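What follows is a set of notes on a single structure, which appears directly below.
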Amino acid sequence: MRATALFMPTVKEDPADAEAVSHKLMVRGGFVRQFASGIYVMLPLGWRVMQRICRIIREEMDGIGALELSMPTLHPADVWQASGRYDAIGQEMFRLQDRGGRDMVLAMTHEEVFTWLASRELRSYRDLPQIWYQLQLKFRDEPRPKGGVLRVREFLMKDSYSFDLDDAGLEESYAKHIGAYDHIFQRCGIDIYRVESDSGFMGGAQAHEYISPSPAGEDRIALCEACGYAANVELARSVAGGTDGLEALLKSDEEPEGPPREVATPETRTIDEVSGLLGVLPAAIIKALVYMAGDQPVMALVRGDHDLHESKLARYLRSEVRAALPEEVLAATGCEVGFVGPVGLPEGGRLRVVADESLRPATQCGGEDGATPGSLARPREYAAGANKPHTHLVGVVVGRDFQPEFADLREARAGDGCPQCGQPLRIEQGIEVANIFKLGTKYSTPLGATVLDEGGKERPIVMGSYGIGPARIAAAAVEQSNDERGIVWPKAIAPFDVHLVQVQVKDAAQSEVAAAVHDALSAEGWEVLWDDRDERPGFKFADAELIGCPVRVTVGKKAAQGVVEIEARRGGAREEIPAVDCGSHVRRLWEAAS
RNA sequence: CGGGGUGUAGCGCAGCCUGGUAGCGCGCAUCGUUCGGGACGAUGAGGUCCCGGGUUCAAAUCCCGGCACCCCGACCA
């Protein structure tokens, strides 16, 4: 394709509102333009990338026997009411009414419609299994779109849904998807970690996310090099480390003498302040946080050097949680924020107290079912808020001075021990490009999607759902593969295979050779972008590097001798080759490219 | 939803504090010179200064209200 016949509005300067590298480069390279917050135009180059990604996805989905179809994006509310999500999901769902005043929604995902279809059309176990998929728009009214195309309000998604008679069938469909996804990401040329993920506190079935490492990503994952354990930090269990200097506190199994003692700590609210004033390590302080679970206050405890992960608390409590307002803290504990603690709570108060496993006394460790690993070394006595203004307690002993529930609440951090093998965990940041869920009968039961089994018994279909965000794959690829000059597309998803730069458009010999090269490569099946614009050479080279096609062929001074240059975008030598041989040289560089 | 920031030519920005002629770079148009790493000169087009209200002889500039967009946090089938 001739550049003069293409619309590729490249720009020299970074857009002012871009933060992520991929955002800047995709705007500068003429791939995308923002239309409104979280809503993007895919320009011709960007759309070509998307089409290539989608093609790979289609091939791999077809390869596991999945069937493509297309579902509506405008849904009547009643399907969503039937699944319960019309009320469960808040403002993230775009809602509207039709002229007759009927409630409608813009689809943010398609479990309901697919299940609706299954409920009408699948009747017998003989109709199973099925995997149906589509590449379709999703609408989510994100509170804060960001990162260019990474977090948006309208986006393309490949979503597939499996329908099986039983759990064994679901396992098989799930495994098929894992196989297909491995191929897809490998072919798209992006690095990926498949990690255990939160299936949401309503489900509880197994789920995985595919995280592509990038500083622009919003997810953090915990990884163990030694045994392969990998999980999103919102889920990851870990053995708390970082207790240097505390081992001494553990040595004695004797009861510490005396009850907790009050210490005046005026205007000392944060862990750092308390630590400084009392001369105690943060790890020997109990951090007490008050949350509202629905309308019930709950006190959550973690070690002072740890961070609470709210979704872990939410999952444990089986309720959405939010930090309590200062007046709610006062109502629940009788004390102002900054000095609350688990000891000395109001008599008769019903404040539920949940402590992280790392606070569990050594004597209570182990032996309990489902106990998650606690801490390698833990203090015997802690400092904690006294529930009196400007006062803390020291010498607090968990289990003696108060008896909380224990749960895994803290966020895993780098250096913590792997819950499986104890080796140190690594934390990596990344983009969630895909996810897979075992839904079970969560949708089939309420929506009445059942089949008759061999015995003539009606059974709800066992479902799975599986998503991929093609634009996120593109962004992840750019994040992982770029240099100071621009994008270095993985070859399978580049907008064109070959960028043919004709240095002098008005030079007859160059025009002739460029045309011949273009035609020859095209005839061999390469997609060629022929820059025939009347621009200065430097301008065109800069654009070629910005746009990032894997192979560049330059037709310049030596065209009259039938000589052109070829080089890989990823780097390496720039070679002079006979124009007539460009096919084999392109093939060679292509094979070498990633 | 909390906190912060921005809104002036297609893009990137200055001007605002201290009210009075709207400016710079890039891009764009025409002509000429250039032509292997984002050229140079000349000429030119292009503005509801986000919107509404107020103060003032006079508002891009000061005041009030709104909107949009960005960033941090919260949220995130």
Side-chain angles (χ1 to χ4, degrees), chain A residues 9-20 23-24 27-28 30 33-39 80 83-86 88-93 105 107-112 114 138-148 150-153 155 157 159 161 197-203 205 207 209 216 218-219 232 234 291-292 307-311 314 320-323 325-326 432 434-437 439 442-443 465-467 469 485-486 501-507 510 531 533-546 552 554-559 564-565 567 574 576:
Chain A
T10 56
V11 288
K12 207 189 303 188
E13 290 176 281
D14 282 337
D17 53 7
E19 201 74 8
H23 187 189
K24 290 176 182 170
V27 170
R28 286 221 290 131
R33 286 293 183 269
Q34 183 173 333
F35 177 60
S37 179
I39 307 179
W80 288 78
S83 72
R85 292 164 109 187
Y86 191 75
I89 296 170
Q91 294 182 300
E92 205 180 338
M93 183 149 59
V105 309
M108 48 192 298
T109 174
H110 282 78
E111 279 80 7
E112 279 80 359
F114 273 89
K138 304 282 184 272
F139 299 87
R140 294 182 189 176
D141 196 359
E142 293 287 347
R144 187 152 90 79
K146 63 200 277 197
L150 280 177
R151 177 162 217 86
V152 288
R153 296 193 295 171
F155 59 99
M157 182 187 252
D159 49 326
Y161 303 84
S197 73
D198 188 358
S199 57
F201 48 85
M202 296 177 69
E209 286 170 346
E218 300 178 273
D219 287 271
N232 195 303
E234 67 190 17
Y291 278 84
M292 298 302 292
D307 291 317
L308 176 93
H309 202 297
E310 289 186 6
S311 64
E320 291 193 52
V321 298
R322 63 171 174 82
L325 301 170
E432 179 188 349
N435 52 33
I436 54 180
F437 292 90
L439 298 175
K442 182 176 166 187
Y443 296 90
S465 92
Y466 316 85
R485 296 182 168 191
V501 178
Q502 182 181 345
V503 175
Q504 278 302 337
V505 179
K506 289 169 183 149
D507 182 309
Q510 288 188 24
D531 193 344
R533 296 174 301 172
D534 187 9
E535 295 288 351
R536 297 174 61 82
F539 183 89
K540 297 209 267 193
F541 294 145
D543 264 3
E545 281 145 1
L546 178 59
R552 184 173 107 198
T554 307
V555 178
K557 285 175 195 151
K558 297 194 176 172
V564 299
E565 288 167 21
E567 68 179 293
R574 183 178 300 172
E576 293 193 345

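Order of the sequence lines fixes the chain letters, A, B, ..., with proteins taken first and strands second; residue numbering starts at 1 for each chain. Predicted model, so just to flag it, every value in this text is computed and none were measured.
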State which of [options] makes the closest approach to the side chain of [X].
X: A:Phe541; options: B:rC72, B:rG36, B:rG12; answer: B:rG36
X: A:Arg28; options: B:rG38, B:rG12, B:rA74; answer: B:rG38
X: A:Arg574; options: B:rA74, B:rG36, B:rC69; answer: B:rG36
X: A:Lys506; options: B:rC69, B:rC35, B:rG38; answer: B:rC35
X: A:Ala542; options: B:rA74, B:rC70, B:rG38; answer: B:rG38
X: A:Pro143; options: B:rC75, B:rC71, B:rC69; answer: B:rC75
X: A:Arg485; options: B:rC69, B:rG37, B:rC35; answer: B:rG37
X: A:Ala36; options: B:rA74, B:rC69, B:rG38; answer: B:rC69

Would you mind reading off the distance between [X] atom [atom1] and [N] atom [atom2], rounded to a whole angstrom?
X: A:Glu13; N: B:rA14; atom1: CD; atom2: P; result: 12 Å
X: A:Gln91; N: B:rA74; atom1: CD; atom2: P; result: 18 Å
X: A:Lys558; N: B:rG36; atom1: NZ; atom2: P; result: 14 Å
X: A:Asp219; N: B:rC75; atom1: CG; atom2: P; result: 13 Å
X: A:Tyr291; N: B:rC75; atom1: OH; atom2: C1'; result: 13 Å
X: A:Arg153; N: B:rA68; atom1: CZ; atom2: C1'; result: 11 Å
X: A:Met108; N: B:rC75; atom1: CE; atom2: P; result: 16 Å
X: A:Phe35; N: B:rG10; atom1: CZ; atom2: P; result: 17 Å

Given the [atom1] atoms of [N] and [M], what is the spacing between them in whole Å?
N: B:rG27; M: B:rA9; atom1: C1'; answer: 11 Å
N: B:rA59; M: B:rC17; atom1: C1'; answer: 15 Å
N: B:rG3; M: B:rA60; atom1: P; answer: 31 Å
N: B:rU8; M: B:rC70; atom1: P; answer: 14 Å
N: B:rG15; M: B:rA29; atom1: C1'; answer: 28 Å
N: B:rC51; M: B:rC69; atom1: C1'; answer: 15 Å
N: B:rC49; M: B:rG7; atom1: P; answer: 15 Å
N: B:rC35; M: B:rC16; atom1: C1'; answer: 44 Å

For [N], the Watson-Crick or wobble partner whose two distances fall under 3.5 Å:
N: B:rG46; answer: none
N: B:rU18; answer: none
N: B:rG23; answer: B:rC13
N: B:rU6; answer: B:rA68
N: B:rU61; answer: none
N: B:rC35; answer: none

Establish, with yes or no, whether the OP1 or OP2 oxygen of [N] is under 4.0 angstrom from a side-chain nitrogen or oxygen of [X].
X: A:Arg144; N: B:rC72; answer: yes
X: A:Gln502; N: B:rG36; answer: no
X: A:Arg536; N: B:rG38; answer: no
X: A:Thr554; N: B:rG36; answer: no

Say whether, by atom type as modelled, one donor and one acceptor occur between the side chain of [X] and the main chain of [Y] under 3.5 angstrom.
X: A:Tyr291; Y: A:Ala314; value: no
X: A:Glu142; Y: A:Arg144; value: no
X: A:Glu565; Y: A:Thr554; value: no
X: A:Arg140; Y: A:Met108; value: yes

* Asked: Within the modelled atom types, does a donor on one side and an acceptor on the other bring the side chain of A:Asp14 and the base of B:rG12 under 3.5 Å apart?
  ->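 Result: no qualifying N/O pair found.
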* **Pair A:His23, A:Lys146: side-chain N/O donor-acceptor within cut-off below 3.5 Å** =>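 No - no donor-acceptor pair under 3.5 Å links their side chains.
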* State, without any angle test, whether A:Asp198 and A:Asn232 hold a side-chain donor-acceptor pair at a distance under 3.5 Å. =>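 Distance-only check fails for A:Asp198 and A:Asn232.
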* Under the criterion salt bridge (Lys or Arg N to Asp or Glu O under 4.0 Å), which of A:Arg533, A:Arg485, A:Lys12 is the partner of A:Asp543? ->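 In the set A:Arg533, A:Arg485, A:Lys12, the residue that makes a salt bridge (Lys or Arg N to Asp or Glu O under 4.0 Å) with A:Asp543 is A:Arg533.
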* **Base versus backbone protein contacts along nucleotides 27-33 of chain B [heavy-atom cut-off under 4.0 Å; B, S, -]** => -------
With a 4.0 Å cut-off on heavy atoms, is [X] in touch with a base, just the backbone sugar-phosphate, or nothing at all?
X: A:Glu111; answer: base
X: A:Lys138; answer: nothing
X: A:Pro9; answer: nothing
X: A:Arg533; answer: nothing
X: A:Gln504; answer: base
X: A:Leu439; answer: base
X: A:Ser37; answer: sugar-phosphate

* To do: Please identify each residue that fulfils salt bridge (Lys or Arg N to Asp or Glu O under 4.0 Å) with A:Arg33, with sequence neighbours left out.
  =>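 None.
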* Assign each of A:Glu142 and A:Gln510 to its nearest nucleotide of RNA chain B by heavy atoms, then name whichever residue's nucleotide is nearer the 5' end. =>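 Residue closer to the 5' terminus by nearest nucleotide: A:Gln510.
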* A:Asp159 and A:Lys138: CA distance, side-chain angles, deciding distance, side-chain contact (heavy atoms from CB on, under 4.5 Å) verdict -> CA-CA 10 Å; A:Asp159 49 326; A:Lys138 304 282 184 272; 3.1 Å; yes
* Between CD on residue A:Glu310 and CZ on residue A:Arg322, distance to nearest 0.5 Å ->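 So the gap between those two atoms works out to 11.0 Å.
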* Hey, could you give me the CE/OH distance between A:Met157 and A:Tyr466, rounded to the nearest 0.5 Å? =>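 The OH atom of A:Tyr466 is 14.0 Å from CE of A:Met157, to the nearest 0.5 Å.
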